[in-house]
Amino acid sequence: RRVGVGNKESTGVIVRKDKGKMRVVVCEDEKIFANTLCIEIASFFEERKIDVEIVWYDNGNLLLNDFANNIEPDLVFMDIELGDADGVEIIRRVRKQNLSVPVIFLTAMEGRVLDGYDVRALYFLYKRDYKERLYSVLERYVKDYINTSRIKGKGKDSINNISSIYFFRCNNRNIKL
């Protein structure tokens with residue numbers, strides 16, 4: 001089951017409704033925590049006038065299935081201890097598809113933090129005090145991934161030297177350099 005903040009529940013592969021919006025995925029099996037987190041994330045981006053679509057998954061295997069069907073989130077919040085799956089293992093499988101999406105792990109268990117480094121986590125938030133750090137972590141994300149002169153390729157490393165680009169062709173969200 002997947003729910004977009006402010007939208008009705010939906011099933012099946014998620015299709016981006018507005019290609020200009022940034023997409024944030026939250027994979028968290030605790031509904032109340034997920035709802036609060038989604039509201040906080042939406043507030044952060046709204047304050048910065050960044051259009052965002054937040055999609056909530058309460059099931060890691062559904063998220064993994066949608067990754068296989070080419071969803072393209074800009075940022076993922078992943079619970080490490082999901083009821084149906086292990087969040088680190090889900091991201092490990094995403095990385096095997098060569099996807100470099102930034103991931104912020106959520107956990108209530110301090111002992112699991114080091115596991116996320118194996119899958120190149122951007123950051124970790126402890127559920128008990130996530131509100132204290134959420135905005136600073138998102139500021140770091142905006143600085144490193146949005147407000148930089150980098151181009152992120154699907155499954156490829158970034159191009160940092162934009163001045164070396166002479167031509168590009170755009171077809172929907174696909175840009176050919």
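Along the sequence shown, residues are numbered consecutively beginning with 1.
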For this session: Compare all side-chain heavy atoms of Leu75 with those of Ile104 and state whether any distance is below 4.5 angstrom.
Result: yes

Exercise. What's the verdict on side-chain contact (heavy atoms from CB on, under 4.5 Å) for Leu122 and Tyr145, showing C-alpha distance, side-chain angles and the deciding distance?
Worked result: CA-CA 11 Å; Leu122 176 66; Tyr145 289 89; 3.8 Å; yes

Exercise. Who passes side-chain hydrogen bond (donor to acceptor under 3.5 Å, both in side chains) against Arg92, sequence neighbours left out?
Worked result: Glu89

Exercise. So, for Val25 and Pro73, which heavy atoms are closest and what is the spacing to 0.1 Å?
Worked result: CG2-CB, 3.6 Å

Exercise. Taking atom types as modelled, is there a side-chain donor on Tyr57 or Asp66 under 3.5 Å from an acceptor on the other?
Worked result: yes

For this session: Give me the one residue out of Val103, Leu64, Ile80, Val101 that meets side-chain contact (heavy atoms from CB on, under 4.5 Å) with Ile91.
Result: Val103

Seminar exercise, completed: Here the pair of heavy atoms bringing Tyr141 nearest to Met22 is CE2-CE, 3.5 Å

Exercise. With the threshold set at 4.0 Å, does a side-chain nitrogen-carboxylate oxygen contact exist between Glu81 and Lys127?
Worked result: no

Exercise. Can you name the ring-ring contact (aromatic ring centres under 6.0 Å, His included) partners of Tyr123, sequence neighbours left out?
Worked result: none

Problem set entry | Flag, side chain of Asp86 to backbone of Leu82, donor-acceptor distance under 3.5 Å | no

For this session: Apply side-chain contact (heavy atoms from CB on, under 4.5 Å) to Ser43 and Tyr135, showing your working.
Result: CA-CA 10 Å; Ser43 294; Tyr135 273 36; 3.5 Å; yes

Problem set entry | Donor-acceptor contact below 3.5 Å, side chain Asp29 vs main chain Gly83 | yes

Exercise. In Å, rounded to the nearest 0.5 Å, how long is the span from NZ of Lys21 to CD1 of Ile54?
Worked result: 10.0 Å

Exercise. Do side-chain atoms of Arg95 reach the backbone of Ile90 as a donor and acceptor pair under 3.5 angstrom?
Worked result: no

Problem set entry | For Glu28 against Ala34, the heavy-atom pair lying closest together | CG-CB, 3.7 Å

Exercise. Considering residues at least two apart in sequence or located in another chain, which fulfil the salt bridge (Lys or Arg N to Asp or Glu O under 4.0 Å) criterion with Arg48?
Worked result: Glu139

Exercise. Asp129 side chain to Glu132 main-chain N or O, any donor-acceptor pair under 3.5 Å?
Worked result: no

Problem set entry | Aromatic ring pairing Phe105/Phe124, orientation class (parallel under 30°, perpendicular over 60°, tilted between) | parallel

For this session: Determine, for Glu53 against Arg23, whether the closest basic-nitrogen to carboxylate-oxygen distance falls under 4.0 angstrom.
Result: yes

For this session: Among Asn35, Val26, Leu63, Leu37, find the one that has a side-chain contact (heavy atoms from CB on, under 4.5 Å) with Trp56.
Result: Val26

Exercise. Who are the ring-ring contact (aromatic ring centres under 6.0 Å, His included) partners of Phe67, not counting sequence neighbours?
Worked result: none

Problem set entry | From Thr107, Val137, Leu125, residue fulfilling side-chain contact (heavy atoms from CB on, under 4.5 Å) relative to Tyr130 | Leu125

For this session: Look up atom CZ in Phe44 and atom CG in Leu138, then write down how far apart they are to the nearest 0.5 Å.
Result: 4.5 Å

Exercise. Taking all atoms of both residues into account, what is the closest heavy-atom pair of Gly60 and Cys27, and its distance?
Worked result: CA-SG, 3.8 Å

